[in-house]
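Please read the structure below before turning to the comments.
Numbering of residues begins at 1 and proceeds along the displayed sequence.
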Amino acid sequence: MKATTDSASPVFRDPKPATEWVRKPWRERLEFVADMVREISTLADPQQMVNVYGERMMKILPSDQRVSLSRRDLDYPFVRVTRVETDALDLNPWKHRDSLPILRGGLLAELIHAEKATIIEDLQLSEDDPSRKYLEGIRSICVLPLFDQGKSLNMVILGRKDNGFSREFMPEQLWLSNLFGRATANLVLKEQLREAYERVDRELKVVADIQRSLLPTELPNVPGLDIAAYYQTSKHAGGDYYDFFQLPDGKIGMLIADVSGHGTPAAVVMAVTHSIAHTHDGDPDPPSKLLNFINRHLSARYTNGTGTFVTAFYGIYDPRTRELIFANAGHNPPRLKRGR
């Protein structure tokens, strides 16, 4: 591999395209940049954002080749090729990273691990350099490291078939490339967060469905009573619970409970409470027997030391006498409203 770097090249010809861009009226350049950032601001897909930025920047600083690299999760001398301007490589690097080519050694690996912005002219690559495939016919390259957490984890290589990159424009190009890289990273993070929230939302909906399946599907038919129930959690799942128990002599048991907190943790304790209540196989009369049974098992195995608690009301209604006896464990007291 033989290359002439910017420090060893005494003569350089400013490329006409870059010079023309700088010499354009400031209003024209301002309008061009404003249109670019305006279009970018409407995009939610980082892949589209990169394409739009690349097309616009080609008008400012034309090149014959553009290669994007990454060394995330890779140690020296490995490098991953994430995008190639003149190749059929058109994979989304954020969604198909495992399908992207990985090179061992060669110029591209040396450059990204060196973490330096530079210009290389009169580029010559050895026959066995794996970078040759991506820089065939290229005479000069502009190396732009993209920093993340203080390290050049990504890099853009611009290539020309002549010695055509200007050092005068390179600081701004490095600046713009890194600002755009941070914007892209933020967009990727936003997309990852959105997907994570969607996964959590789907899981919470499953939890909510399971929780609702623990509630009575049908309300009991009790002579002399009209029974209705309404259930609405503050989130997908919660700690509210009600249940009915068919008892001897036509009596009906009514359990209402509320777990402290909200969401999935409360729903889990609610499911545990449901399970404990349905394992009680003795006579639940008086009502305090069932609440004592639930409290004993909850505090011994599940809520002791966690700060979680459950309030509960359990009543037994006898349709023959139209009497309701109940026990209350920290729950809101029942309300009796007499008809006129």
Side-chain angles (χ1 to χ4, degrees), residues 1-9 46-47 49-51 53-54 57-58 61 63-160 165 167 169-189:
M1 177 180 70
K2 179 181 178 182
T4 303
T5 64
D6 48 73
S7 60
S9 178
Q47 181 80 335
M49 187 166 152
V50 169
N51 292 337
Y53 179 79
M57 292 307 296
M58 283 290 288
L61 188 62
S63 60
D64 301 305
Q65 177 65 297
R66 187 173 69 222
V67 182
S68 298
L69 308 173
S70 173
R71 65 181 180 103
R72 290 181 184 274
D73 306 320
L74 296 176
D75 295 324
Y76 180 83
F78 295 97
V79 60
R80 180 181 287 108
V81 180
T82 60
R83 185 176 288 102
V84 180
E85 180 72 19
T86 59
D87 193 29
L89 184 64
D90 191 26
L91 297 175
N92 187 319
W94 297 283
K95 295 183 178 181
H96 306 286
R97 191 179 71 161
D98 294 338
S99 300
L100 298 172
I102 296 179
L103 309 183
R104 178 188 176 94
L107 177 62
L108 295 180
E110 294 290 340
L111 290 174
I112 193 170
H113 286 281
E115 300 190 346
K116 292 183 179 180
T118 186
I119 291 175
I120 298 178
E121 299 173 283
D122 298 323
L123 180 66
Q124 297 181 34
L125 298 174
S126 61
E127 292 293 336
D128 59 350
D129 192 322
S131 310
R132 191 179 185 87
K133 173 182 177 181
Y134 305 101
L135 298 175
E136 189 71 35
I138 297 301
R139 184 176 179 183
S140 63
I141 59 174
C142 176
V143 181
L144 301 171
L146 305 180
F147 293 93
D148 189 356
Q149 299 296 316
K151 294 183 178 181
S152 175
L153 299 182
N154 298 283
M155 179 170 281
V156 175
I157 308 290
L158 301 178
R160 289 183 62 87
F165 289 108
R167 294 177 184 81
F169 193 66
M170 192 175 181
E172 288 76 14
Q173 181 68 10
L174 179 64
W175 179 18
L176 292 173
S177 297
N178 274 270
L179 288 178
F180 177 76
R182 296 312 307 161
T184 305
N186 290 337
L187 194 60
V188 172
L189 178 59

Answer yes or no: is there a donor N or O on one side and an acceptor on the other, between the side chain of [X] and the main chain of [Y], under 3.5 Å?
X: H113; Y: S152; value: no
X: S131; Y: L107; value: yes
X: E115; Y: K151; value: no
X: R71; Y: Y76; value: no
X: N178; Y: P145; value: yes
X: T118; Y: V143; value: no

Note to self: Suppose we screen for salt bridge (Lys or Arg N to Asp or Glu O under 4.0 Å). Which residues come up paired with E172, at least two apart in sequence or across chains?
What the structure shows: none
Margin query: Tell me every residue that passes salt bridge (Lys or Arg N to Asp or Glu O under 4.0 Å) with R80, counting only those two or more places apart in sequence or in another chain.
Written below: none
So, taking the atom named [atom1] in [X] and the one named [atom2] in [Y], what distance separates them when rounded to the nearest 0.5 Å?
X: L158; Y: Q65; atom1: CG; atom2: CD; answer: 9.5 Å
X: I120; Y: I141; atom1: CD1; atom2: CD1; answer: 4.0 Å
X: R139; Y: Q124; atom1: CZ; atom2: CD; answer: 9.5 Å
X: L153; Y: F147; atom1: CG; atom2: CZ; answer: 9.5 Å

State, yes or no, whether a side-chain contact exists between [X] and [Y] at a heavy-atom distance under 4.5 Å.
X: E136; Y: L125; result: no
X: V81; Y: L69; result: yes
X: I157; Y: I138; result: no

Check: Where do S177 and L146 land on the side chain to side chain contact (heavy atoms under 4.5 Å, CB included) test, with the steps shown first?
Finding: CA-CA 7 Å; S177 297; L146 305 180; 3.8 Å; yes
What heavy-atom pair brings [X] and [Y] nearest, and what distance separates the two atoms?
X: D128; Y: S126; result: OD1-OG, 2.7 Å
X: L108; Y: L103; result: CD1-CD1, 4.0 Å
X: G159; Y: S63; result: O-CB, 3.4 Å
X: V67; Y: Y134; result: CG2-O, 3.9 Å

Next item on the list: Please step through side chain to side chain contact (heavy atoms under 4.5 Å, CB included) for the pair M155 and V79, ending with a clear verdict.
Entry: CA-CA 10 Å; M155 179 170 281; V79 60; over 6 Å; no
Next item on the list: Report the C-alpha distance between Y53 and T184 in whole Å, list the side-chain angles of each, state the deciding distance to 0.1 Å, and finish with yes or no for side chain to side chain contact (heavy atoms under 4.5 Å, CB included).
Entry: CA-CA 10 Å; Y53 179 79; T184 305; over 6 Å; no
Margin query: Would V156 and R83 count as a side chain to side chain contact (heavy atoms under 4.5 Å, CB included) here? Give the steps.
Written below: CA-CA 9 Å; V156 175; R83 185 176 288 102; over 6 Å; no
Item checked: Under-4.0 Å salt bridge between R132 and E127 -> yes
Margin query: Quick check on R104: does its CZ atom have over 12 non-hydrogen neighbours (other residues, nucleotides or ligands) under 6.0 Å away?
Written below: no
